[in-house]
Asker: 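This is the structure, below, for whatever I ask next.
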Amino acid sequence: VALTQGSRRGRGERLEYNVITGDILLMGTNASEAEVSEPDQSFKACTILIAADGSKEAMPCSDRGVTSSIKIKNKN
């Protein structure tokens with residue numbers, strides 16, 4: 001599945017949206033992790049929870065960790 005939410009992009013094997021809380025759960029597999037990219041950061045994990053308030057929680061696959069990257073802005 002593909003996720004587009006404003007400037008946020010993501011992909012995974014499955015997506016669940018909670019209509020009560022507004023939370024999004026993007027799930028991958030051991031073979032193909034879920035990914036979420038935003039202008040200033042990106043995440044790769046088995047499961048990524050994006051809460052309605054914009055906070056994120058990434059949960060690793062059983063055999064690896066979570067990968068994240070943050071873009072550093074120059075002050076020039």
Side-chain angles (χ1 to χ4, degrees):
V1 298
L3 166 71
T4 302
Q5 187 180 41
S7 61
R8 179 181 294 141
R9 305 278 184 264
R11 70 165 188 79
E13 293 292 316
R14 197 170 94 204
L15 182 141
E16 292 180 8
Y17 177 73
N18 186 318
V19 296
I20 296 170
T21 65
D23 294 350
I24 298 169
L25 187 62
L26 187 60
M27 293 164 276
T29 65
N30 280 336
S32 178
E33 295 177 309
E35 294 182 48
V36 171
S37 338
E38 298 176 333
D40 59 345
Q41 60 186 343
S42 62
F43 298 92
K44 208 180 219 190
C46 263
T47 306
I48 302 171
L49 173 66
I50 305 168
D53 67 3
S55 63
K56 289 165 270 326
E57 181 180 347
M59 290 138 286
C61 295
S62 59
D63 63 340
R64 64 181 74 103
V66 171
T67 303
S68 66
S69 63
I70 299 171
K71 294 180 182 173
I72 298 173
K73 296 179 183 177
N74 291 330
K75 291 186 177 186
N76 296 333

Asker: Could you report the tightest heavy-atom contact between Met59 and Glu57, atom names first, then the distance?
Answerer: CE-O, 3.4 Å
Asker: Say you draw a straight line from CG of Leu49 to OG1 of Thr21; how long is it, rounded to the nearest 0.5 Å?
Answerer: 8.0 Å
Asker: Do you know which two heavy atoms are closest between Cys46 and Pro60, and how far apart they sit?
Answerer: CB-C, 3.9 Å
Asker: Do Ile50 and Leu26 come within less than 4.5 Å of each other through their side chains, counting heavy atoms only?
Answerer: no
Asker: Against Glu35, only a single residue in Arg9, Arg8, Arg11 fulfils salt bridge (charged side-chain N to carboxylate O under 4.0 Å, His left out); can you say which?
Answerer: Arg11
Asker: If you compare all heavy atoms of Ile24 against all heavy atoms of Tyr17, which two are closest, and at what distance to 0.1 Å?
Answerer: CG1-CD1, 3.7 Å
Asker: Locate the shortest heavy-atom distance separating Val1 from Glu13; write the atom from each residue and the value.
Answerer: CG1-O, 4.2 Å
Asker: To the closest 0.5 Å, what do you measure between CG (Leu25) and CZ (Arg14)?
Answerer: 7.5 Å
Asker: Look up atom OG in Ser55 and atom CG in Asp23, then write down how far apart they are to the nearest 0.5 Å.
Answerer: 7.5 Å
